[in-house]
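Order of the sequence lines sets the chain letters (A, B, ...), proteins ahead of strands, with each chain counted from 1. These numbers come from a predicted model, not from an experiment.
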There are 2 protein chains.
Amino acid sequence: MTDDTWSPPHILLAVDLVILTLRETHLHVLLVERGIEPYRGCAALPGGFLNNDREGLLAAAHRELDEEADLDATQLHLEQLGTYGDANRDPRGRVVSVTYLAIAPRLPEPTAGTDAARAAWRPVDAIVSGELPLAFDHDVIIADGIERARSKLEHTPLATAFCEPVFTISDLQQVYEAVWGVDLDPRNFYRKVQKVPNFLLPVDAERRVTKGRPARLFTAGPATTLHPPIPRPDHTASRQGE
Amino acid sequence: MTDDTWSPPHILLAVDLVILTLRETHLHVLLVERGIEPYRGCAALPGGFLNNDREGLLAAAHRELDEEADLDATQLHLEQLGTYGDANRDPRGRVVSVTYLAIAPRLPEPTAGTDAARAAWRPVDAIVSGELPLAFDHDVIIADGIERARSKLEHTPLATAFCEPVFTISDLQQVYEAVWGVDLDPRNFYRKVQKVPNFLLPVDAERRVTKGRPARLFTAGPATTLHPPIPRPDHTASRQGE
DNA sequence: ACCCTTTTTGTCACTCTAACAAAAAGCTAC
DNA sequence: GTAGCTTTTTGTTAGAGTGACAAAAAGGGT
């Protein structure tokens, strides 16, 4: 194994980003249209190769976020999702992709970045249903990202990252409903989230205008994990033995 | 950015393994003694570079598991833990390491593999306390692996991977106690794990010899997730706002 | 003023939980 | 062999947590 004549193979390292947001109560992911082969013209995740061999992985992710999506990367929640390195996933050669998951609050319009041909928010439903084909194994990566986000909603304050800095509890509920794809009882949800220590911080003496009774405003508290958690309703009960 | 003269940098890609097991009711991790520079003679995780640019990441992990630890890789639970790619983590150059987490049942003796100088089970306490220094950033990787294992014990049947194919409920309890570092009530634990559908399958009409009353035997059931989960006692309650 | 919407507070039956008691089923030693 | 020890299994019970639903509060619109 340790052969003097052998030297380790060199690999092309890429970073790809799964950027999720909420638009019109539906979960969307940011996609770009590829301008070069392979998969030219096809939808793909924003991402790219490392600039040089001194650039950190997270730094590269932030750079791509800025270049291709024109998002203020410093504000975003960014976490490593997984590394995808099947030998045949890229026809150009051995490309290993480190992927990151980012959560963005509601954003205005399909931000056209400087780098990619076109950038647009796409509903994740169209992707998981196979209706919108993606380049490489990006459909799998997105599915993994969604599942990660769904899971993190249960025991981390991730949902607040989808919201504006100041939000109401029904704003928060819409996040949970959109990401989980379920309906929740507003009354029970209202108290459940407030019962979690350090999850929500009330912003005193403020309200907001909608149609019905004005709602109290909150900001994200200092909690990093939710105790007790906000469990998903058990659609899981029906698919337990899988 | 897309400059015709620019070409992506080549990276050295490694895989490293965090292999956890239980010995004498304490959590241990498999370490090897490095035979070459850098960090020669220092303890490190088993791992190494990809053999060639056709080898898959998981395949490389399995190969290293076999070469350095002499473990039957096919039987082990193996999952991607994370990718570590700080620019300065390896003095030899830009090495990005994809790490995998493996869980092994109680194993006989420090298995000396064919590849590494020495392989030995080390208690994780000595590592997290800093008492036993490790090469590279392997201490961080191990800490992440332990936290992953602790978390997975709550909502996956991972604990059964620490046990023999057939085990008693108090065997299982010892796993939870060792990994979490807490004491659990045997009577409540007994019923709680049995109440989780598809977690444990009773092995009928069998028993085992210890000192007290013979215990029923079980095998791992088909469940992939635990509903309801087995929550950690809230040491978490005291460190919520961190 | 009345209706509509949305938010917030109440209630209640039910389940789940932690804590502890007690019984069951062997083994050991006298 | 029987008394005591250990470990496993079953019971019990008070308290917390949950989901489903009612009702009140607080505005806006007509």
For A:Thr156 versus A:Leu226, what's the shortest heavy-atom pair and its separation? O-CD2, 3.2 Å
What I want to find out is whether B:Glu147 reaches B:Arg232 closely enough, with some N-O distance under 4.0 Å, to be called a salt bridge. yes
In whole Å, I'd like the distance from the NZ atom of B:Lys211 to the C1' atom of C:dA29. 13 Å
Can you sort out which residues in residues 212-221 of chain A have a heavy atom within less than 4.0 Å of DNA chain D? Ascending by number, please. A:Arg213, A:Pro214
Spacing between A:Leu172 atom CG and C:dT7 atom C1', to the nearest angstrom: 15 Å
Holding to side chain to side chain contact (heavy atoms under 4.5 Å, CB included), I want the full list of residues that pass it with B:Ala44, two or more places apart in sequence or in another chain. B:Arg34, B:Ala135, B:His138
CA sep, side-chain torsions, deciding dist, call: A:Leu57, A:Tyr100, side chain to side chain contact (heavy atoms under 4.5 Å, CB included): CA-CA 10 Å; A:Leu57 297 178; A:Tyr100 285 84; 3.3 Å; yes
NA contact type, A:Thr168, heavy-atom cut-off 4.0 Å: base, sugar-phosphate, or nothing? nothing
In whole Å, I'd like the distance from the CD atom of B:Gln173 to the P atom of C:dA18. 13 Å
Quickly work out the B:Asp185 CG to D:dT8 C1' distance and round it to whole Å. 12 Å
Those residues of residues 187-194 of chain B lying under 4.0 Å from DNA chain C by at least one heavy atom: B:Arg187, B:Asn188, B:Arg191, B:Lys192
Going by distance alone, is a donor N or O of one side chain under 3.5 Å from an acceptor N or O of the other, for A:Asp144 and A:Tyr84? yes
Atom CG of B:Asp171 and atom P of D:dT7: how far apart are they, to the nearest Å? 13 Å
Taking atom C1' of C:dT8 as reference, at what distance in whole Å does atom CG of A:Leu200 sit? 15 Å
State which residues pass side chain to side chain contact (heavy atoms under 4.5 Å, CB included) with B:Glu79; sequence neighbours excluded, sorted by chain then number. B:His77, B:Leu101, B:Arg148, B:Lys152
Partners meeting side chain to side chain contact (heavy atoms under 4.5 Å, CB included) with B:Ala43 (sequence neighbours left out): B:Leu31, B:Leu132, B:Leu134
Please compare B:Pro231 and A:Ser170 by the position of their nearest nucleotide in DNA chain C and report the one closer to 5'. A:Ser170
Would you list the pairs meeting salt bridge (charged side-chain N to carboxylate O under 4.0 Å, His left out) in which at least one residue belongs to residues 173-187 of chain B, sequence neighbours left out? B:Asp185-B:Arg187
Check the distance between D:dA26's C1' and A:Ile169's CD1 and give it to me in whole angstrom. 16 Å
Should B:Phe199 and B:Lys192 count as side-chain neighbours, where that means a heavy-atom distance under 4.5 Å? no
